[in-house]
Amino acid sequence: MTSPATQVVLPRVPSLGGLYGRGLVASARLGVTGGARSAARALPDVTYVVDDVRAQADHLTAYQHLLHEAATDALPAGYVHVLAFPVAMALMVRPDFPLPLLGMVHVANRVEQHRALTLGDRLAVRAWAQDLRPHRAGTQVDLVTEVASGGDLAWRGVSTYLAKGVRLPDARDEARDDAARQAFTPPVRTGRWELPADVGRRYAAVSGDRNPIHLSPLTARALGFPRAIAHGMYTASRALADVGAARGDAFTWSVEFAAPVLLPATPDVRVAPADDGHEFAVWHPRTGRLHLTGKVTPHP
């Protein structure tokens, strides 16, 4: 699907901290007006644009160190997400966005990287929302972000979110088959991650994503979690780093999130060759509960 024709040029990439504040206010408003249970409006027909975005060397190094990426001038695909996603987030806090930010769950992510981006590249970011659709547990939406350099599209990410309990008008319940997720049998692990209690705060420092559910047990409990949880994009990007150089410069990276990783944690991990790339899975070592699965497929 192509982006909306109407464009709004932002002077800079917005701060996620400020966006979360606006999102909480908007979520409260939707709750008061009944919008937290019924999404009666279409998505905003607009594309946000930010030109001349540049990575900073110290910021890139901090990301590489935390995510176990190689210390080079190449921008990891997960790092490009960090740079660009606030532009998409700005759409989610608009007054005419139909879903409440509070309680939104990141359920899947797909990135197509067409070529490597490097430190020093001047990046142009575009973002829009699309495909508002019913789900058996609520309503889903895709946030699309594209990053170009030198006029050529280099990176495209689609983040899928679920607003639980929010229903579209006249939407029928969709009975999705979760049998594959329920029937997950842990395979032979190839590794185990050691995730300390502060990894949410550390990823927040490099990503700007200071959602309270990631920062401390106290703030996480206020939002319904027994402990702080790891960022989904931290775990997905950590798996991508484990694939390493085998992914190449151009690839498709997809991930589906199943259950949150409560911190601290020592999840089991499997990263292994598949028919046309590498597959990965992360799960709880004792219960076998699946956290996420995904695949990295190099482009020919």
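- In summary, the side chains of Y48 and R94 do present a donor paired with an acceptor at a separation below 3.5 Å, with no hydrogens or angles considered.
- Taking all atoms of both residues into account, the shortest heavy-atom contact from R247 to L240 is NH1-O, 2.9 Å.
- In this structure, CD1 in I229 is found 11.0 Å from NE2 in H291, a value given to the nearest 0.5 Å.
- V53 and L153 fall into different hydrophobic clusters, where Ile, Leu, Val, Met, Phe, Trp and Tyr side chains are chained together by heavy-atom contacts under 4.5 Å.
- For the pair P187/W283, a side-chain contact is recorded, criterion being any heavy-atom separation below 4.5 Å from C-beta on.
- Looking at R238 and V282, their side chains never come closer than 4.5 Å, going by heavy atoms from C-beta outward.
- Across all their heavy atoms, S237 and G78 have their closest contact at OG-CA, 3.7 Å.
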Exercise. When you look at E112 and R156, which way does the salt bridge (charged side-chain N to carboxylate O under 4.0 Å, His left out) test go after all the steps?
Worked result: CA-CA 5 Å; E112 296 176 7; R156 186 179 194 268; 5.5 Å; no
For this session: Kindly indicate, with the supporting measurements, whether the criterion side chain to side chain contact (heavy atoms under 4.5 Å, CB included) is fulfilled by Y161 and V107.
Result: CA-CA 6 Å; Y161 285 86; V107 295; over 6 Å; no
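- The only option from V50, L83, D52 that meets the side chain to side chain contact (heavy atoms under 4.5 Å, CB included) definition with L123 turns out to be L83.
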Problem set entry | Criterion salt bridge (charged side-chain N to carboxylate O under 4.0 Å, His left out) on R133 and D142, from CA distance to verdict | CA-CA 9 Å; R133 59 195 184 273; D142 291 337; 3.2 Å; yes
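- No continuous path of ILVMFWY side-chain contacts below 4.5 Å connects F225 to L215, so the two sit in separate hydrophobic clusters.
- Residues P196 and L263 form no side-chain contact, since every pair of their non-hydrogen atoms from C-beta on lies 4.5 Å or further apart.
- H278 places no side-chain N or O within donor-acceptor distance of the main-chain N or O of A272, the cut-off being under 3.5 Å.
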For this session: Run the numbers on R202 and Y234 for side chain to side chain contact (heavy atoms under 4.5 Å, CB included), then give the verdict.
Result: CA-CA 10 Å; R202 293 169 62 195; Y234 169 85; over 6 Å; no
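- Here the side chain of Q64 pairs a donor or acceptor atom with the backbone of T72 at under 3.5 angstrom.
- Shown here for D276 and T297, the closest heavy-atom pair between the two residues is O-CG2, 3.3 Å.
- Using bins of under 30°, 30° to 60° and over 60° for the plane-to-plane angle, the ring pair H106/H81 lands in the parallel bin.
- Distance alone, capped at 3.5 Å, places no donor-acceptor pair between the R126 side chain and the T47 backbone.
- To the nearest 0.5 Å, atom CZ of residue R54 and atom CG of residue D121 are 10.0 Å apart.
- Atom OG1 in T160 sits 6.5 Å away from atom CD in Q140 (nearest 0.5 Å).
- T252 and H299 get closest at one heavy-atom pair: OG1-NE2, 2.8 Å.
- Counting heavy atoms from C-beta outward, F280 and L292 have side chains that approach closer than 4.5 Å.
- One finds the OG1 atom of T293 at 8.5 Å from the CD atom of E279 (value rounded to the nearest 0.5 Å).
- Under the 4.5 Å side-chain heavy-atom criterion for Ile, Leu, Val, Met, Phe, Trp and Tyr, V87 and V49 are members of distinct hydrophobic clusters.
- The closest donor-acceptor contact from the side chain of H59 to the backbone of V206 lies under 3.5 Å.
- The nearest pair of heavy atoms linking L91 to W128 is CD1-CA, 3.2 Å.
- Residues T235 and F257 approach most closely at OG1-CE2, 4.1 Å, considering heavy atoms.
- Atom OG of S159 is separated from atom CE of M104 by 11.5 Å, given to the nearest 0.5 angstrom.
- In this structure, CG on L223 lies 10.0 Å from CG on L218, to the nearest 0.5 angstrom.
- For W155 (side chain) and V111 (main-chain N/O), no donor-acceptor pair under 3.5 Å exists by modelled atom type.
- Listed for the T145 side chain is no donor-acceptor partner under 3.5 Å among the backbone atoms of A88.
- Between the T6 side chain and the V46 main chain, no donor and acceptor come within less than 3.5 Å of each other.
- Put simply, the side chain of P76 reaches to within 4.5 Å of the side chain of L60, judged on heavy atoms.
- Listed by first then second residue, pairs satisfying side-chain hydrogen bond (donor to acceptor under 3.5 Å, both in side chains) with a partner in residues 263-273 read R192-D268, not counting sequence neighbours.
- Counting heavy atoms from C-beta on, the side chains of P98 and P44 come closer than 4.5 Å.
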For this session: Give the C-alpha distance, both sets of side-chain angles, the deciding distance and a yes or no for side chain to side chain contact (heavy atoms under 4.5 Å, CB included) between L67 and Y79.
Result: CA-CA 10 Å; L67 273 298; Y79 182 75; over 6 Å; no
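- Remark: R115 CZ is packed, more than 12 non-hydrogen atoms of other residues, nucleotides or ligands lying under 6.0 Å away.
- Panel note: side chain N211, backbone I213; a donor-acceptor pair is recorded below 3.5 Å.
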Problem set entry | Worked verdict on M89 versus D209 for side chain to side chain contact (heavy atoms under 4.5 Å, CB included) | CA-CA 10 Å; M89 179 78 160; D209 185 353; over 6 Å; no
